[in-house]
K.L.:
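One structure, pasted below without further comment.
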Amino acid sequence: MHFTKPEWVMHKDSAKSDQHTKRLSIFSVHVHPDGSRIATGGLDAKIRIWSTKPILNPASELSGKPPKSLCTLTMHTGPVLTVRWAHSGRWLASGSDDETVMVWDHDPNARGKVWGTDDVNVEGWKPLKRLQGHESDVTDVAWSPTDRYLASVGLDSAVIIWCGYTLERLRKLDQHQGFVKGVCWDPVGEFMATQSDDRTVKIWKTTDWSLEAEVRKPFEDSPGSTFFRRLSWSPDGAHITASNATNNKGYVFIAAVITRNTWTSEISLVGHENTVEVACYNPHIFLRNPSAPISTSNICSVVALGADDRSVSVWQTKSARPLIVAKEVFERQIMDLSWSWDGMTLYAASSDGTIGAFQFDSSELEGIATHADQEQYLAKFGFVPPPLPEGYSHLSKQEPVTAPQAHQANGFVNNPSPEKVNILVAKRAPKDKKRATLVSSTGINVPTSGSAIPPGSVSAPVIRSNGSLGDGTPSNRPPMSQMHDVKSTSLAPSNFSGSSFPHPSEQTFGDSSMSSWARRAADLAHAAMELDAAPVDSFLNDQSISSISTLAKGKRKVSSVGDLADDMNPKGVKARTLGGDRPLEVHVPKPIAAWGTGPGRHPYANAGPGAWGSGSGMQEVLLPNPQLLSYVSSEVEGSGDVLEAKNIEENGTTEIALVSGKQTEWLDYLPSPALLVKATSSYCAVAMEDGTIHVYSHTGRRIMPTIALSAPCSVIEGCRNALLVMTVNGEVHSWNIKKQTANFPPTSIRTLYAASSSPNFRLVSAAVRENGAPIAHCSNGIVYSYDPSLLTWVKLADKWYADGSDFWQSRQRGNASTANRGIMTAIEGSISSPPDESAAEIPRPSWWSSALTLAHLETKLHATRLLDSPQEYKQALLVYAKKMADEGFRSKAEELVRELFGPVYWRPGKEENWNPSVAGLSKRDLLKDVLSVFARSKTLSSLAAQWQDTLKKATNDESFT
């Protein structure tokens with residue numbers, strides 16, 4: 001076995017100079033089915049595609065041919081957590097922290113320099129479709145064996161099934177009660193498996209998406225601290241190996257092997273010293289005795305494990321010991337693993353920002369069988385896949401078996417058995433078929449999940465193997481490897497007309513002469529640009545749309561002008577942005593003394609706190625009026641883009657613009673001067689002096705109607721999709737911009753002013769959580785939030801507890817770990833003050849400390865629930881349980897247990913008023929941890945034992961009498 005760790009494969013912080021390059025975490029790696037390239041996803045919100053030949057072949061690495069970096073994809077706005085190639089190799093799916101799944105298609109005309117960076121794309125990939133439906137981070141995606149389906153899972157506890165042809169959403173599965181962090185498919189196609197922080201692996205039937213089974217036993221004590229729970233299905237369909245399992249009450253870290261049909265886990269892979277993060281099976285089946293025929297008893301598999309102990313292990317299921325264990329080859333935990341299609345190379349990605357490649361030879365992985373043998377074996381299951389969408393069909397073609405050229409070109413060791421290699425082919429469009437392209441404002445037309453790929457745009461994958469079993473009997477199961485045979489359309493895979501999907505070694509680099517592949521692509525590009533260029537505006541009327549449709553000569557359906565975006569690019573016309581052609585200027589904010597008396601002035605303008613009031617017909621001003629400046633700005637979360645507002649005093653004009661680097665992406669003009677602006681990863685908001693709020697998308701579209709408030713804005717804050725506005729007269733508004741709804745009815749901060757006994761009471765600062773909960777830090781040392789379910793303000797933290805609570809933040813600061821620094825930790829830290837030594841001399845009642853500690857922790861539990869901070873909620877709950885156990889408060893403890901357990905006869909799916917989760921966590925899972933704390937108390941051990949037995953019976957679905 002040979003191990004390689006290329007230092008040049010990296011995701012870097014673009015804000016750092018080359019001399020101080022910071023290596024960012026890599027969360028996912030996946031190797032292309034032809035073995036020539038890998039894709040990686042990282043913390044920089046980018047997908048990078050690399051050639052494998054320089055990784056595996058030192059001579060290629062030194063020569064620089066083919067280039068190491070092939071492509072950089074930059075459409076995601078958050079860290080890319082998962083990348084997965086389709087089995088056809090034509091499409092790449094990615095999931096991100098930005099709550100979207102992107103599907104990418106090969107585009108030979110998209111090569112060139114990446115805008116805003118020094119990266120150069122030597123091969124092109126374009127966004128085919130943006131799949132929207134998740135409400136939180138997308139942690140994993142997986143294609144079904146024949147690319148019939150695409151599954152995605154995320155931190156919204158949802159599993160979404162998409163059609164692998166139209167990319168429409170088919171089904172949303174929401175039975176998980178915790179973050180879903182892994183998904184895999186049965187190679188037979190009959191089942192799908194998902195793994196979640198609710199400590200279960202769920203098996204789903206692909207025929208009707210019903211729940212086949214739920215596996216809990218090996219995960220009951222598994223920690224919830226891992227980034228992922230990536231599981232894998234063996235290539236013979238017999239087993240699932242699931243990560244993050246434990247033995248011996250959580251003290252032994254294992255990977256659990258789940259058996260098909262019985263769905264039990266009696267086999268464990270033991271040896272890692274920390275939680276297993278990812279499992280990945282070799283795509284080949286192996287023969288225990290290579291000279292014996294293929295049979296169930298003669299089949300074994302090879303599986304790789306990556307763990308938080310920074311090591312990788314490779315196991316062959318016929319042996320009780322691993323084949324290899326690679327320890328400390330990485331500096332941090334393993335995030336992802338991927339085997340090459342020939343089964344001889346394993347790629348690993350680590351959060352330390354590096355990848356490694358393990359190359360095996362045939363003597364180390366003995367008994368490897370061909371994929372044809374595997375297909376023959378899987379056909380014995382007799383599973384008939386569901387029909388394809390209307391307008392799609394499997395087209396079987398007889399092709400001669402060719403040598404595995406892709407593997408030889410990249411330095412792979414050839415398999416001893418013949419392989420069927422699948423060549424990716426796209427149909428050439430007729431030479432007399434002219435194309436035109438309407439260039440969109442972004443330069444790329446990316447359909448979202450709301451628009452389906454029309455039938456006929458993408459035909460079914462073409463079967464490149466002979467489609468029959470070894471004895472000549474036609475198989476009732478489509479071959480596992482296949483390709484998308486496409487017709488030209490903006491939503492279908494690109495219209496490249498060559499005879500094969502190019503390897504990096506075939507592509508043109510530098511000033512070298514064009515290869516045959518490049519010449520064919522150039523010929524196609526020339527043919528596509530034979531139509532004379534026309535002004536962009538000329539395509540915006542019905543008559544021009546009709547003329548464009550005529551160009552297709554009735555051979556394809558034109559559903560909208562936007563569908564032509566990739567087919568019409570006459571003579572290199574560039575996409576335009578509103579205001580993008582003007583030079584940028586440096587602005588220094590200056591106070592504006594007077595704006596004039598025309599439209600836009602508001603009665604509250606320039607009024608200070610205390611103004612107006614009784615008798616004026618207007619509410620008293622509570623919050624300060626923001627000073628009117630000539631320039632205000634806000635940086636977009638997670639990017640260098642800046643939302644700007646310029647109040648031009650000379651001509652009384654207010655201009656709003658979004659600037660990215662040196663480019664103005666869009667601009668707008670408004671009738672009133674701008675006071676405040678706020679930009680998040682989801683929207684841009686501008687607060688005007690006339691009391692209106694304008695909300696834009698990042699492309700400059702108004703995604704909400706203009707909001708009119710009773711007074712100008714004093715505070716504007718945002719987080720993801722949440723927008724918080726506080727007006728100068730104390731009104732408080734919170735909206736979910738994505739859903740275009742209010743998080744709660746308008747309320748007023750006047751209540752807090754009225755409740756204060758201090759005449760100097762004021763609002764110190766304000767913030768908003770992603771769920772829309774406002775956070776108001778006041779001068780009296782109390783932090784408030786508004787509870788929509790109670791329709792009232794509630795206390796989140798009160799420095800009163802600092803005097804007596806054993807668990808106040810300032811007392812715990814010395815031993816607080818990084819994992820514990822959440823929103824509540826920050827809130828308590830903001831109102832903490834140095835210990836008052838004189839207060840220690842004041843005599844206190846004997847129960848003072850216990851009472852204040854319990855009151856503080858109970859307040860913290862309500863606060864973390866309201867602020868949707870599950871990790872802090874769980875931490876506070878366990879500390880609360882320990883305090884009750886130490887004090888021996890049995891009645892309090894029993895009440896807590898009953899609250900978490902709920903109705904005795906409650907079952908998942910049963911209609912009850914009781915909510916089985918709190919702060920996104922399962923109450924009964926929390927109860928298990930609480931009872932473990934109580935079990936160590938002499939006073940509460942009997943209570944814990946009684947309820948542990950009850951909980952076990954409820955988990956096993958036993959009857960109660």
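It should be emphasised that the depicted structure is a prediction, and the values quoted were computed from it without experimental measurement.
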K.L.:
Using side-chain heavy atoms (C-beta onward) and a distance below 4.5 Å, is Ile285 in contact with Ile368?
P.N.:
no
K.L.:
Which residues pass the side-chain hydrogen bond (donor to acceptor under 3.5 Å, both in side chains) test with Ser144, not counting sequence neighbours?
P.N.:
none
K.L.:
Write down the atom of Gln175, the atom of Lys202, and the distance for their closest heavy-atom approach.
P.N.:
O-CE, 3.7 Å
K.L.:
Answer yes when Glu190 and Arg260 have at least one side-chain N-carboxylate O distance shorter than 4.0 Å, and no when they do not.
P.N.:
yes
K.L.:
State, yes or no, whether a side-chain contact exists between Thr345 and Phe360 at a heavy-atom distance under 4.5 Å.
P.N.:
no
K.L.:
Under 3.5 Å, is there a donor on one side chain and an acceptor on the other for Glu61 and Trp8?
P.N.:
yes
K.L.:
Within a strict 4.5 Å, meaning less than it, do heavy atoms of the Thr246 and Thr275 side chains meet?
P.N.:
no
K.L.:
Is there a side-chain contact (heavy atoms from CB on, under 4.5 Å) between Ser243 and Glu277 once you walk through the steps?
P.N.:
CA-CA 6 Å; Ser243 59; Glu277 192 98 23; 5.8 Å; no
K.L.:
With no hydrogens and no angle check, just 3.5 Å: does a side-chain donor-acceptor pair link Tyr377 and Ser295?
P.N.:
no
K.L.:
Establish, from distance only, whether the side-chain atoms of Asp198 and Ser922 form a donor-acceptor pair under 3.5 Å.
P.N.:
no
K.L.:
Could you tell me whether the side chain of Ser350 and the main chain of Phe330 form a donor-acceptor pair under 3.5 Å?
P.N.:
no
K.L.:
Between the side chains of His87 and Thr146, does any donor sit under 3.5 Å from an acceptor?
P.N.:
no
K.L.:
Check whether the side chains of Ser28 and His30 place a donor and an acceptor atom closer than 3.5 Å, and report yes or no.
P.N.:
no
K.L.:
Side chains of Arg229 and Thr226, heavy atoms from C-beta outward: is any pair under 4.5 Å?
P.N.:
yes
K.L.:
Are Arg84 and Asp140 ion-paired here, with the side-chain N under 4.0 Å from a carboxylate O?
P.N.:
yes
K.L.:
Can you see whether Thr200 engages Glu214 through a side-chain donor-acceptor pair at a distance of less than 3.5 angstrom?
P.N.:
no
K.L.:
Between Ser25 and Arg332, is there a side-chain heavy-atom distance shorter than 4.5 Å?
P.N.:
yes
K.L.:
Between Trp104 and Ser94, does a side-chain contact (heavy atoms from CB on, under 4.5 Å) hold up when you go through it step by step?
P.N.:
CA-CA 8 Å; Trp104 307 82; Ser94 58; 3.0 Å; yes
K.L.:
Under the side chain to side chain contact (heavy atoms under 4.5 Å, CB included) test, which residues partner Ser311, sequence neighbours left out?
P.N.:
His272, Asp309, Lys327
K.L.:
Strictly by modelled atom types, are Ser313 and Trp315 linked by a side-chain donor-acceptor pair under 3.5 Å?
P.N.:
yes
K.L.:
Give a yes or no on this: more than 12 heavy atoms of other residues, nucleotides or ligands lie within 6.0 Å of atom NZ of Lys217.
P.N.:
no
K.L.:
Indicate the ring-plane relationship of Phe191 and Trp233, choosing parallel, tilted or perpendicular according to the 30° and 60° boundaries.
P.N.:
parallel
K.L.:
Between Trp204 and Ser210, do the side chains contain a donor N or O and an acceptor N or O under 3.5 Å apart?
P.N.:
no
K.L.:
Start with the C-alpha distance between Leu150 and Leu131, add both sets of side-chain angles, then the distance that settles side-chain contact (heavy atoms from CB on, under 4.5 Å), and finish with yes or no.
P.N.:
CA-CA 11 Å; Leu150 173 65; Leu131 309 182; 3.9 Å; yes
K.L.:
Tell me if the CD atom of Glu331 is crowded by more than 12 foreign heavy atoms within 6.0 Å.
P.N.:
no
K.L.:
Flag yes if more than 12 heavy atoms outside Phe381 fall under 6.0 Å of its CZ atom; otherwise flag no.
P.N.:
yes
K.L.:
Is the closest side-chain heavy-atom distance between Ile355 and Trp50 below 4.5 Å?
P.N.:
no
K.L.:
Is the distance from the ring center of Phe358 to that of Trp339 below 6.0 Å?
P.N.:
no
K.L.:
Is the distance between the ring centroids of Trp91 and Trp162 less than 6.0 Å?
P.N.:
no
K.L.:
Any side-chain heavy atom of Ile294 within less than 4.5 Å of one from Ile299?
P.N.:
yes
K.L.:
Passes side-chain contact (heavy atoms from CB on, under 4.5 Å), Tyr281 versus Val302? Steps please.
P.N.:
CA-CA 6 Å; Tyr281 271 97; Val302 171; over 6 Å; no
K.L.:
Should the pair Phe27 and Phe227 be assigned to parallel (<30°), tilted (30 to 60°) or perpendicular (>60°) ring geometry?
P.N.:
tilted
K.L.:
Taking the six-membered ring for Trp, are Trp85 and His32 parallel (under 30°), tilted (30 to 60°) or perpendicular (over 60°)?
P.N.:
perpendicular
K.L.:
So, are Lys5 and Glu7 salt-bridged, with charged N and O less than 4.0 Å apart?
P.N.:
no
K.L.:
With the side chain counted from C-beta on, respond yes when Asn244 and Phe219 share a heavy-atom pair under 4.5 Å apart, and no when they do not.
P.N.:
no
